[in-house]
Chemist: 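Before I ask anything, here is the structure I am working with.
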Amino acid sequence: MEEYLMTINGQSVKGVHNFDVINPATEKIIATVPECSDEQLDTAVNAANHSLTAWAQDVTKRRQALNNCAEVLLANIDSLAKLITEEQGKPLRDSNREIRRSAELIMDFAKLEFPVEILQDDKTRRVELHRKPLGVVAAITPWNVPIILATLKFAPALLAGNTVLLKPSPFTPITTLKIGELFQEVFPPGVFNVISGGDRVGANLTLHPGIRKISFTGSVQAGKQVAVAGARDLKRVTLELGGNDPAIVLGDVDPTWIAEKIFEEAFWLCGQVCMTIKRVYAHESVYKSVVSELASLANRTKLGNGMNPETDMGPLNNKPQFDRVIELVEDAKRSGAKMVTGGNPLSGRGYFFPPTIVTDISGGVRLVDEEQFGPALPIIPFKDVDQAIEMANATNYGLGGSVWTKDIELGKQLAVRLDCGTGWVNQHGSVGMYAPFGGVKWSGFGYEFGDWGLDEYFQYQIINSAK
Ligand code: NAD
């Protein structure tokens, strides 16, 4: 079995203790990885602090290093994609896309400029805004899209002149550890460190006094703990947390077209994405056709090992998540909900749960109120659109939401009424460097992508000269 190592101060480092990583499609152990000790964490934080001054000197070198990272990812795309599929479960083509997209994002970040801004320049004073790095950044990632989510943190953090300690989820650490090793040739020692371990290591990292910024993507529950940990010595914190995104389908849509789009956006990666559609509110005039179109798409979906090119949908990533989806679906059944498709896990090895279309359900049932993060989608009818908006907003989450209609202007007006960071019209989940992405309410605070994502890794310094 392959052993994966941490990258601390430019060196590959073994664990004093190790833990196993499981392939969710086979439930077989595929790797053993280090559980970072407190001493190793100290060493990594110290190395990252030590390398700060030199790293912050030269932005041209930083851009070059980032472009080299992108090249390294692309040169290793096949082997890295295979690792993602083995530890995460998603189809290999999605893993390939994940590595390619990460390389593109790194190159896009490397191009961003942050010149000194002149805020005022008149007879009395000249005021300049300088952007300076914060220090050592702790980047903590979940198990669903491990490499893109890491990239959205380390690329802007490093471009801004910070140094980084990256900790992936204990369910998907191996691709990130491998990338740490590959990047040893790109960065000076201490600039980019990758440590692995469970939630305790994450918590210790957030509490470490040598860290100045925490960028966290994960659950609301852990996010709240991260906010508290950061508050202890006033670290900056960015929280990209869970979502319970609604999609509101108006009566003027073509149900077949809409169902295809909604199916893609709800069941992508087995529903394990923060910004997938988690609830559908469909106007009563199209409700039945939307349900039957979604059901027919669900019945055609091929579940299987992500290494098989025929596979449309892989397994859930881990046992706790598998158990949670089963629990929410069983709770919905007890409440009287109808499983139009699916509804039970597949027997045999692997955490497979088929796409499940759920009707006869409403708010007040956990599958509607909580983030299921899995392939079970409740479809709820509505009569008037105000009622739909009210139901859509009746949640502590506020990541995204969408409105589906032929009338784009009306769609925009309704999207503005959704309490969420991004309101989409006739699409869901599209993000990119062109817009900030982040949540409101319990979905977190702070932004990723583009200049807004980069700005999370600076502190401003104002230089105010009298004339
Ligand atoms: P999780 O919160 O359990 O874990 C995420 C990471 O945080 C892991 O590396 C974990 O080890 C670490 N961690 C756990 N407790 C911690 C603590 N107290 N202090 C510091 N680190 C800690 O989340 P998960 O189950 O891995 O991921 C699923 C969640 O992530 C879902 O809620 C999903 O919506 C969310 N998510 C959000 C976004 C977004 O951009 N908003 C993107 C992807 C996933």
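Ligands are counted one by one from 1 in listed order, and the atoms in each one are counted from 1 as well.
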Chemist: What is the ring orientation for Phe187 with Trp55, classed by angle as parallel under 30°, tilted 30 to 60°, or perpendicular over 60°?
Modeler: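 It falls in the perpendicular class, over 60°.
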Chemist: I want to check a possible cation-pi pair here: Lys224 against Trp442, using under 6.0 Å from ring centre and within 45° of the ring axis as the test.
Modeler: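 Verdict for Trp442: a cation-pi partner in Lys224.
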Chemist: Got a salt bridge between Lys319 and Asp323, using NZ or NE/NH1/NH2 to carboxylate O under 4.0 Å?
Modeler: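 Result for this pair is yes, salt bridge flagged.
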Chemist: For ligand 1, is there an N or O atom under 3.5 Å from any N or O atom of Leu149?
Modeler: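 Among all N and O atoms of Leu149, none is under 3.5 Å from an N or O of ligand 1.
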Chemist: Of the protein's non-hydrogen atoms, which lies at the shortest distance from atom 31 (C) of ligand 1, and what is that distance?
Modeler: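 Heavy-atom neighbour on the protein nearest atom 31 (C) of ligand 1: Glu371 OE1, 3.5 Å.
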Chemist: For Lys167, give me all partners under salt bridge (charged side-chain N to carboxylate O under 4.0 Å, His left out), at least two apart in sequence or on another chain.
Modeler: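 Not a single residue meets the salt bridge (charged side-chain N to carboxylate O under 4.0 Å, His left out) criterion with Lys167.
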Chemist: Are any of the N/O atoms on Asp199, whether in the backbone or the side chain, positioned under 3.5 angstrom from an N/O atom of ligand 1?
Modeler: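 Yes - when backbone and side-chain N and O of Asp199 are compared with those of ligand 1, one distance drops under 3.5 Å.
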Chemist: Under 3.5 Å, N or O to N or O, is Thr141 touching ligand 1 that way?
Modeler: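 Yes, there is a polar N/O contact under 3.5 Å.
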Chemist: Can you confirm whether some protein heavy atom lies under 4.0 Å from atom 4 (O) of ligand 1, or whether none does?
Modeler: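 When distances to the protein are checked, atom 4 (O) of ligand 1 has no heavy atom within 4.0 Å.
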Chemist: For ligand 1, does Pro168 get within less than 4.0 Å through its side chain, its backbone, both, or neither, judged by non-hydrogen atoms?
Modeler: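 Looking at Pro168 and ligand 1, just backbone atoms fall under 4.0 Å.
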Chemist: For Trp143 together with Phe373, are the ring centres under 6.0 Å from each other?
Modeler: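 Centroid distance Phe373-Trp143: below 6.0 Å, so yes.
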Chemist: Out of Gly243, Gly242, Ser219, Gly223, who is nearest to atom 1 (P) of ligand 1 when you count heavy atoms only?
Modeler: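 Ranked by closest heavy atom to atom 1 (P) of ligand 1, first place is Ser219.
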Chemist: Looking at atom 12 (C) of ligand 1, what's its closest protein heavy atom, distance included?
Modeler: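 Atom 12 (C) of ligand 1 sits closest to the protein heavy atom Ile140 CG2, 3.7 Å.
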Chemist: Check ligand 1 against Pro170 and write out every atom of the ligand that is under 4.0 Å from a heavy-atom position of the residue.
Modeler: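 With Pro170 as reference, the close atoms of ligand 1 come out as 11 (O).
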Chemist: Side chain, backbone, both or neither: which part of Val220 has a heavy atom under 4.0 Å from ligand 1?
Modeler: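 It is neither part, as no heavy atom is under 4.0 Å.
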Chemist: Do Glu456 and Lys213 meet the salt-bridge criterion of a basic N to acidic O distance under 4.0 Å?
Modeler: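 Salt bridge: yes.
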Chemist: Tell me the contacting part of Val226 for ligand 1: side chain, backbone, both, or neither, using a 4.0 Å heavy-atom threshold, strictly below.
Modeler: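 Near ligand 1, Val226 shows its side chain, while the N, CA, C and O stay back.
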Chemist: My understanding is that we take every heavy atom of each candidate and find the minimum distance to atom 29 (C) of ligand 1. Doing that for Gly218, Cys274, Gly438, which one comes out nearest?
Modeler: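 Comparing heavy atoms across Gly218, Cys274, Gly438, the nearest one to atom 29 (C) of ligand 1 lies in Gly218.
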Chemist: Could you find the nearest protein heavy atom to atom 25 (O) of ligand 1 and give me its residue, atom name and distance?
Modeler: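 Checked against all protein heavy atoms, atom 25 (O) of ligand 1 sits closest to Trp143 NE1, 2.9 Å.
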Chemist: Tell me which protein heavy atom sits closest to atom 16 (C) of ligand 1, plus the residue, atom name and distance to 0.1 Å.
Modeler: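 Among all protein heavy atoms, the one nearest atom 16 (C) of ligand 1 is Ala222 CB, 3.9 Å.
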Chemist: Any ion pair linking Glu104 and Arg101 (charged N to carboxylate O, less than 4.0 Å)?
Modeler: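 Here Arg101 pairs with Glu104 in a salt bridge, since their nearest N and O are under 4.0 Å apart.
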Chemist: At what distance is the nearest protein heavy atom to atom 40 (O) of ligand 1, and which residue and atom is it?
Modeler: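 The protein heavy atom lying closest is Glu240 CB, 3.4 Å.
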Chemist: For ligand 1, is there an N or O atom under 3.5 Å from any N or O atom of Glu448?
Modeler: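 No, Glu448 has no N/O under 3.5 Å of an N/O on ligand 1.
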Chemist: Among all protein heavy atoms in this structure, tell me which lies nearest to atom 18 (N) of ligand 1, with the distance rounded to 0.1 Å.
Modeler: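 The closest heavy atom on the protein side is Gln225 OE1, 2.8 Å.
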Chemist: If I apply the N/O under 3.5 Å rule, does Asn144 come out as touching ligand 1?
Modeler: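 No: no nitrogen or oxygen of Asn144 is under 3.5 Å from one in ligand 1.
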Chemist: Will you find, in the side chains of Thr422 and Trp424, an N or O donor that is under 3.5 Å from an N or O acceptor?
Modeler: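 Side-chain D/A pair, Thr422 to Trp424: absent.
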Chemist: Whether Glu113 and Arg131 form a salt bridge (side-chain N of Lys/Arg under 4.0 Å from carboxylate O of Asp/Glu) is what I want to check.
Modeler: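 No.
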Chemist: What do you reckon, does Thr206 have a nitrogen or oxygen under 3.5 Å from a nitrogen or oxygen of ligand 1?
Modeler: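 No, there is no polar N/O contact under 3.5 Å.
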Chemist: Ignoring hydrogens and geometry beyond distance, is a side-chain donor-acceptor pair present between Lys153 and Thr217 at under 3.5 Å?
Modeler: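 Yes.
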Chemist: Going by salt bridge (charged side-chain N to carboxylate O under 4.0 Å, His left out), name the residues that satisfy it together with Asp369, two or more places apart in sequence or in a different chain.
Modeler: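 Result, salt bridge (charged side-chain N to carboxylate O under 4.0 Å, His left out) vs Asp369: none returned.
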Chemist: Test of understanding: given a 4.0 Å heavy-atom threshold, classify the contact between Phe216 and ligand 1 as side chain, backbone, both, or neither.
Modeler: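 Just the side chain.
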Chemist: Going by atom types only, do Thr238 and Tyr457 share a side-chain donor-acceptor pair under 3.5 Å?
Modeler: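 Thr238 vs Tyr457: no donor-acceptor pair found between side chains.
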